[in-house]
Structure formats: C-alpha cells, structure tokens
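Read the structure below first, then the notes.
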Amino acid sequence: MAISVAAEPGVRPVTARAQELCPAALRAMVIWPRLDRRALARCGCDSARIANYVSRRTRMPARSIEALLNRS
C-alpha cells in the first residue's frame with residue numbers, strides 16, 4: 001500500500017503562534033539579535049516599552065535606544 005503526499009518545502013502554515021512584529025521591534029532584533037521575541041511582542045508597538053526592555057539588557061540609556069528605534 002503506497003501513500004502519496006504532496007508537500008512544498010519552506011511553506012509553513014500560519015498559526016496563532018506566528019506573531020508579526022512591528023518595525024521598531026524588528027529593528028531592535030537586528031541591532032540586538034539575542035532579544036526574546038515573546039518579550040518584544042508583549043511590548044506591542046510602543047517604542048518606549050521596547051527601549052525600556054532593551055535598556056535592562058544593555059548599558060545604553062532608554063532614550064538613546066528609543067532614538068535608534070525611531071530612526072527611519
């Protein structure tokens with residue numbers, strides 16, 4: 001008995017776990033790659049909250065981090 005299954009590589013189903021991050025959170029992940037994605041998602045798209053989260057893990061003040069995140 002043979003079973004045939006068609007699968008496309010690289011295509012993942014969209015689930016509730018797959019959370020879209022806002023541009024500020026994506027920029028933070030690029031600058032500080034070891035940040036926790038879940039913690040960033042809990043900050044929402046508020047760059048001040050993201051800056052406070054990152055400042056606890058770096059020596060940079062939250063104001064400087066917020067300026068980096070808001071840069072276009």
Side-chain angles (χ1 to χ4, degrees):
M1 183 168 153
I3 297 174
S4 176
V5 177
E8 295 182 28
V11 177
R12 295 187 320 188
V14 177
T15 63
R17 296 179 114 188
Q19 298 174 356
E20 295 295 322
L21 294 174
C22 65
L26 288 175
R27 195 169 292 121
M29 288 293 294
V30 168
I31 298 170
W32 299 280
R34 296 183 71 186
L35 293 176
D36 184 20
R37 289 180 66 92
R38 286 184 184 174
L40 282 175
R42 281 192 299 265
C43 293
C45 286
D46 187 11
S47 59
R49 288 177 65 187
I50 294 171
N52 285 332
Y53 167 68
V54 173
S55 70
R56 284 184 257 139
R57 281 146 183 79
T58 64
R59 299 185 95 189
M60 291 179 69
R63 282 181 160 175
S64 300
I65 294 168
E66 192 171 357
L68 281 174
L69 296 179
N70 290 332
R71 220 179 252 180
S72 301

Problem set entry | Short side-chain to backbone donor-acceptor contact, Arg37 and Met29, under 3.5 Å | no
To the nearest 0.5 Å, atom CG of Leu26 lies from atom CD1 of Ile31 at 11.0 Å
Is Trp32 close to Leu40 at the side-chain level, that is, under 4.5 Å between some pair of heavy atoms?
no
Rounded to the nearest 0.5 Å, the OG atom of Ser47 sits from the CG atom of Asn70 at a distance of 4.0 Å
All N/O donor-acceptor pairs, side-chain side in residues 48-58, below 3.5 Å, sequence neighbours left out:
residue, atom, partner, partner atom, Å
Arg49, NH2, Arg42, O, 2.9
Asn52, ND2, Ala48, O, 3.3
Tyr53, OH, Asp36, N, 3.2
Ser55, OG, Ala51, O, 3.3
Ser55, OG, Asn52, O, 2.9
Arg56, NE, Asn52, O, 3.4
Arg57, NH1, Tyr53, O, 3.4
Thr58, OG1, Val54, O, 3.2
Thr58, OG1, Met60, N, 3.4

